[in-house]
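Here, residue 1 is the first one in the sequence, and each next residue gets the next number. Keep in mind that this is a model prediction, so the values were computed, not measured.
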Amino acid sequence: MRILNTAATGVRAQQTALDVLGNNMANVNTPGYKAQRVNFAEALAAEMRPAEREFNGQPVGERIDVGAGVIYPTIDTDYRQGIIRETENPFDLAIDGEGFFPVRTANGESRYTRVGNFELDSQGKLVNSDGYILEVKIPADAMDLYVDETGNITGFIDDEERVLGRVVVNDPEGEGYPVGPIDMDELGRPLDWNGDILPTAFAVPEGAEDVQISTEGILSATIDGSRQTLGQINIITFANPEGLVRDGDNLYFAPDAAGVTGDELVGTPGSQVEERTLGKLKTQSLEQSNVNLASAMTEMIQVQRAYQLNARMITNGDQMWSMANSLRR
């Protein structure tokens, strides 16, 4: 009698679905949160009778398979757009469409997020709420990268010279900048002459006024009475963003496995990179969770009923075993 094992797989699967739904509902007000969903699949069926079986030289019948329950091979992330709400904070950013903000953690690792609640730290660098630096990423088609004597990184994109970011050094006098042409690695990170990753950031100098970020991602401010560009915020996408792995704190990372996510694609907001169109940037706004509370409540009721049904099957199976054990009494 397979009913106990079959029902047990159903209970485990529905419990996982309830856990995922509960997490979605708990994050209904978390900015940038992307809902998860459990994918179910039929377990490998057991063959009760093989095909072309014969008895006394006569065919018995067709092959008979009996299902062995349900499995949940994957838990996917729903990347559908969340509602964008205005915040009036000049450093809040939202992506309307495809893409992620690249951030660099305290240990130097790259992560990706949809949450654009940035602010200036004590050194004037643009960081998120966890203190992770908004990373300077440069599109692959950028040409003639150069660090000037003030530490600004410049380059040509679409034949237009732009300030892309700033090299960060601890020397307040600005000495030690690697002035001259530089390269970048395959992830769009600036490199020095030795091939080492340069410490870069979007930095706002002390005394800067009227700091603004345009919908094209251009960070600018008024310094000593003149308007100056401080950097170009680019966003990231992948050929297969569904392959990204959740890392907590609304962060994702690309697994170290070839072909899962594809190459990292860097571009300005609203541009097209390798046939993928990057989302547009919404300033003074934050993307909200994409959890649909009404749908989640409805789905939770359905999952609860399925859990209840599988639990009842276990009870019925136990009763059938009890009846079989009592046949000799």
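Within a 6.0 Å sphere centred on CD of E274, other residues, nucleotides and ligands contribute 12 heavy atoms or fewer. Within 6.0 Å of CG in D76 there are more than 12 heavy atoms belonging to other residues, nucleotides or ligands. Residue D210 places its CG atom among more than 12 non-hydrogen atoms of other residues, nucleotides or ligands, all under 6.0 Å distant. Shown here is E42, whose CD atom has no more than 12 heavy atoms of other residues, nucleotides or ligands within 6.0 Å. Heavy atoms of other residues, nucleotides or ligands lying less than 6.0 angstrom from CZ of R37 number more than 12. Atom CG of N107 is surrounded by more than 12 heavy atoms from other residues, nucleotides or ligands within 6.0 Å. More than 12 heavy atoms of other residues, nucleotides or ligands lie within 6.0 Å of CZ in R227, so this atom counts as buried by the packing criterion. Heavy atoms of other residues, nucleotides or ligands lying less than 6.0 angstrom from CD of E86 number 12 at most.
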Pair T268-D158, side chain to side chain contact (heavy atoms under 4.5 Å, CB included): steps then yes or no: CA-CA 11 Å; T268 57; D158 296 332; over 6 Å; no
Evaluation steps, side chain to side chain contact (heavy atoms under 4.5 Å, CB included), between R85 and L286: CA-CA 6 Å; R85 293 181 178 172; L286 281 179; over 6 Å; no
Worked check of side chain to side chain contact (heavy atoms under 4.5 Å, CB included) between V291 and N27: CA-CA 8 Å; V291 175; N27 286 280; 5.5 Å; no
From CA spacing to verdict: side chain to side chain contact (heavy atoms under 4.5 Å, CB included), I153, V167: CA-CA 7 Å; I153 303 171; V167 177; 4.0 Å; yes
side-chain hydrogen bond (donor to acceptor under 3.5 Å, both in side chains) assessment of Q302 paired with R305: CA-CA 5 Å; Q302 293 175 331; R305 293 304 184 196; over 6 Å; no
From CA spacing to verdict: side-chain hydrogen bond (donor to acceptor under 3.5 Å, both in side chains), T229, R162: CA-CA 8 Å; T229 299; R162 304 186 188 184; over 6 Å; no
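Listed by chain and residue number, nothing satisfies the ring-ring contact (aromatic ring centres under 6.0 Å, His included) test with Y132 (two or more places apart in sequence, or in another chain). In terms of the side chain to side chain donor-acceptor pair (under 3.5 Å) criterion, residue partners of T237 (sequence neighbours excluded) are, by chain and number, E98.
For the pair N194 (side chain) and D196 (backbone), a donor-acceptor distance under 3.5 Å is absent. Here the side chain of N23 pairs no donor or acceptor atom with the backbone of D19 at under 3.5 angstrom. Listed for the N290 side chain is a donor-acceptor partner under 3.5 Å among the backbone atoms of A35. Here the side chain of N325 pairs a donor or acceptor atom with the backbone of W321 at under 3.5 angstrom. Panel note: side chain N24, backbone Q36; a donor-acceptor pair is recorded below 3.5 Å. Remark: side-chain polar atoms of Q272 are not paired, donor with acceptor, to backbone N or O of T277 under 3.5 angstrom. Not one N or O on the side chain of N234 forms a donor-acceptor pair closer than 3.5 Å with the backbone of V266. R114 places a side-chain N or O within 3.5 Å of a backbone atom of G99 that can act as its donor or acceptor partner. Listed for the S271 side chain is no donor-acceptor partner under 3.5 Å among the backbone atoms of P269. No donor-acceptor pair under 3.5 Å is formed between the side chain of D249 and the backbone N or O of L251.
Inter-residue side-chain proximity for I233 and L126 is flagged as met; some heavy-atom pair is nearer than 4.5 Å. Put simply, the side chain of Q232 reaches to within 4.5 Å of the side chain of L164, judged on heavy atoms. You'll find the side chain of P139 reaches within 4.5 Å of the side chain of I157, heavy atoms only. A 4.5 Å side-chain heavy-atom check between V260 and V245 finds every atom pair outside the cut-off.
The two residues I95 and Q81 come nearest to each other via the heavy atoms O-NE2, 3.1 Å. The minimum heavy-atom distance linking F238 with R276 is given by the pair O-NE, 3.2 Å. Nearest heavy atoms, P255 versus G243: CD-O, 3.4 Å. When all heavy atoms of A296 and M25 are compared, the closest pair comes out as CB-CG, 3.9 Å. Nearest heavy atoms, T200 versus R104: O-NH2, 3.0 Å. Heavy atoms only, all atoms of each residue included: V168 and A201 are closest at CG2-CB, 3.5 Å.
Cluster annotation: L134 is connected to L198 through the hydrophobic network of ILVMFWY side chains, with a link wherever side-chain heavy atoms come within less than 4.5 Å. A single hydrophobic cluster is seen to contain both V28 and L21, as judged by linkage of ILVMFWY side chains at heavy-atom distances under 4.5 Å, directly or through other members.
Between Q123 and the choices V127, L120, D121, the side chain to side chain contact (heavy atoms under 4.5 Å, CB included) rule is met once, by D121.
Here the CG-OG1 distance, from N310 to T315, works out to 11.0 Å after rounding to the nearest 0.5 Å. Expressed to the nearest 0.5 Å, how far CG of N89 lies from OG1 of T283 amounts to 11.0 Å. The OG1 atom of T113 sits 5.5 Å away from the CG atom of N250 when rounded to the nearest 0.5 Å.
Residues E264 and R189 are not paired through a salt bridge, judged by the lack of any N-O separation under 4.0 Å between the basic side chain and the carboxylate.
Sorted by first and then second residue, the ring pair (Phe, Tyr, Trp, His ring centres under 6.0 Å) pairs with a member in residues 248-275 read Y79-Y252, F100-Y252; sequence neighbours excluded.
Less than 6.0 angstrom separates the ring centroid of F101 from the ring centroid of F118.
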